[in-house]
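Down below is the structure, laid out as structure tokens.
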Number of protein chains: 2
Amino acid sequence: MARIPTTHDPFNAVAEPKRRQLLEALGATERTVTSLVALLGWPQPMVSKHLAVLKKVGLVSERRAGRQRLYRAHLDKLKPIFDWVVPLERYWTESFERLDEVLERIQKQEK
Amino acid sequence: MARIPTTHDPFNAVAEPKRRQLLEALGATERTVTSLVALLGWPQPMVSKHLAVLKKVGLVSERRAGRQRLYRAHLDKLKPIFDWVVPLERYWTESFERLDEVLERIQKQEK
DNA sequence: TTGACACATTCCCATATTGGTATATAAATA
DNA sequence: TATTTATATACCAATATGGGAATGTGTCAA
């Protein structure tokens, strides 16, 4: 077997930083491929190919309008990532630090 | 170029579900490889190899004790993922739904 | 010192991926 | 109809992965 395909789930799809950028560039607005090319400064096939990956995972959808295609982000598809990582935050949050570390910092501040 | 190495950052390291399981299995407790093998039921080399990836990204650290190695998770290294995904939650949260959708649901409830 | 134990590492294979370049497709326009 | 515009797709190269099986390494024990 090999590595899990990028189109398998949101985790793998957004592991590529360019695809995160793409989602950010889309934000809440529908955009044309050309507009994304202009915005990001990438070669057009690169934009199309990354969009294709995002589309397979459902992170974007496409609507045709004449010769253009309008892409829209569906960020709710990131929920699995959200749901996985958020509960783990408590492990690095101050409220769960070891008591002695907290006390040590308080002492420093008192000096 | 090829795909970004799994050891490049937490996003790529954690895109593999087995590595997420491993982190969950570790949780807040230090564990031995053998203990993880028993807990997860995977072949030992598989556990070791996935741990090696997590270690390169800093998501786990290793401590030697006799012939065993004790692994501990460092979940704070997930912060980049947390910081990226959490601000995007607002896009699928009810408070940001389109007004007409909200109204439509309210009407249904009134029936 | 030899063996058993805990774990890491190597080798092999099949498979995807990324970027770049070139080309195909479809729609609008002259 | 011929051409241009907007976008997708095919092809190529280099690289890395993950699983399985085998083997290496270091440490404790008899």
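Here the structure is a predicted model, which means the values were calculated and not measured. Lettering follows sequence order; numbering is per chain, from 1.
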| message | Regarding Arg3(B) and Asn12(A), do their side chains bring together a donor and an acceptor under 3.5 Å, going by distance alone? | response | yes
| request: Nearest whole angstrom, please: distance from the C1' of dT17(C) to the CZ of Arg3(A). | output: 8 Å
| note | By nearest-nucleotide position on DNA chain C, the 5'-leaning member of Glu16(A) and Ala52(B) is Ala52(B)
| Hey, which of these two, Gln44(A) or Gln44(B), hits DNA chain D nearer its 5' end, going by closest nucleotide? | Gln44(A)
| note | The reported gap from CG in Leu88(A) to NZ in Lys77(B) (rounded to nearest 0.5 angstrom) is 14.5 Å
| 5'-most contact on DNA chain D: Ile4(A) or Met46(A), nearest heavy atom basis? | Met46(A)
| Along DNA chain C (nearest heavy atom to each residue), the more 5'-positioned of Pro45(A) and Ala2(A) | Ala2(A)
| Members of residues 53-70 of chain A that approach DNA chain D, where some heavy atom sits under 4.0 Å away | Arg67(A), Gln68(A), Arg69(A)
| field | Tyr71(A) side chain near dA8(D) phosphate (N/O to OP1/OP2, under 4.0 Å) | value | yes
| message | What is the separation between atom NZ on Lys18(A) and atom P on dT18(C), rounded to the nearest whole Å? | response | 10 Å
| query | Regarding Trp84(B) and Glu24(A), is there a side-chain donor-to-acceptor distance under 3.5 Å anywhere? | reply | yes
| said: Determine whether a donor-acceptor pair (N or O, by modelled atom type, separation under 3.5 Å) exists between the side chain of Arg19(A) and the backbone of Ala13(A). | reply: yes
| query | Hey, what do you get for CG (Leu54(B)) to OG (Ser61(B)), rounding to the nearest 0.5 Å? | reply | 11.5 Å
| task | Name the nucleic acid region contacted by Pro43(B), choosing base, sugar-phosphate or nothing; use a 4.0 angstrom heavy-atom cut-off, strictly under. | result | sugar-phosphate
| Hydrophobic cluster membership, Leu23(B) vs Val33(B), 4.5 Å side-chain cutoff | yes
| request: Report yes if at least one side-chain N or O of Lys49(A) is closer than 4.0 Å to OP1 or OP2 of dT17(C); otherwise report no. | output: no
| With respect to the phosphate group of dT17(C), does any side-chain polar atom (N or O) of His50(A) fall under 4.0 Å of OP1 or OP2? | no
| remark: Rounded to whole Å, NE2 of His8(B) lies from P of dT17(C) at a distance of 19 Å
| field | Audit row: Tyr71(A), Arg63(A), side-chain contact (heavy atoms from CB on, under 4.5 Å) steps and yes/no | value | CA-CA 6 Å; Tyr71(A) 282 89; Arg63(A) 179 169 74 86; over 6 Å; no
